[in-house]
Amino acid sequence: MIRSPLTRIMGLIALLEETKLSKEEIDYCYQSILDSAHELDDVIHKIVKKI
């Protein structure tokens with residue numbers, strides 16, 4: 001559950017670092033990173049509430 005958004009974030013950052021992308025592709029990657037970060041935050045919040 002935690003691994004999915006974290007893996008997406010890491011993969012997108014690697015893509016941004018290693019590839020020449022168009023402005024639209026870069027914008028898409030940043031939005032996807034933000035979406036995955038929010039998903040990861042939700043998962044962590046749920047875990048913390050259970051403790």
Side-chain angles (χ1 to χ4, degrees):
M1 193 172 213
I2 292 175
R3 292 281 306 154
S4 295
L6 181 58
T7 300
R8 282 193 301 269
I9 291 168
M10 293 169 62
L12 288 164
I13 290 172
L15 184 67
L16 286 168
E17 290 178 337
E18 299 171 4
T19 309
K20 298 227 182 231
L21 301 172
S22 70
K23 169 88 168 90
E24 293 80 22
E25 291 170 320
I26 291 170
D27 290 343
Y28 176 79
C29 284
Y30 282 130
Q31 185 59 52
S32 296
I33 290 169
L34 183 59
D35 293 344
S36 292
H38 285 295
E39 183 181 342
L40 182 57
D41 184 53
D42 289 342
V43 170
I44 292 170
H45 182 72
K46 289 175 185 174
I47 291 170
V48 169
K49 282 179 72 173
K50 289 183 178 181
I51 301 177

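Predicted model, so just to flag it, every value in this text is computed and none were measured.
- One distance of note links CZ of Arg3 with CG of Leu40; it measures 11.0 Å at 0.5 Å rounding.
- Hydrophobic clustering (ILVMFWY, side-chain heavy atoms < 4.5 Å, transitive): Leu15 and Ile13 are in one cluster.
- In summary, the side chains of Gln31 and Asp27 do not present any donor paired with an acceptor at a separation below 3.5 Å, with no hydrogens or angles considered.
- For Ser32, the side-chain contact (heavy atoms from CB on, under 4.5 Å) test picks out Leu12, Tyr28, with sequence neighbours left out.
- A distance of 5.5 Å separates CG of Leu21 from SG of Cys29, quoted to the nearest 0.5 Å.
- Annotation for Ile9 and Ile33: closest pair CG1-O, 4.1 Å, computed over non-hydrogen atoms.
- The two atoms that bring Pro5 and Ser36 nearest to each other are CB-O, 3.4 Å, heavy atoms only.
- Lys46 has no carboxylate O lying under 4.0 Å from a charged side-chain N of Asp42, or vice versa, which leaves the two without a salt bridge.
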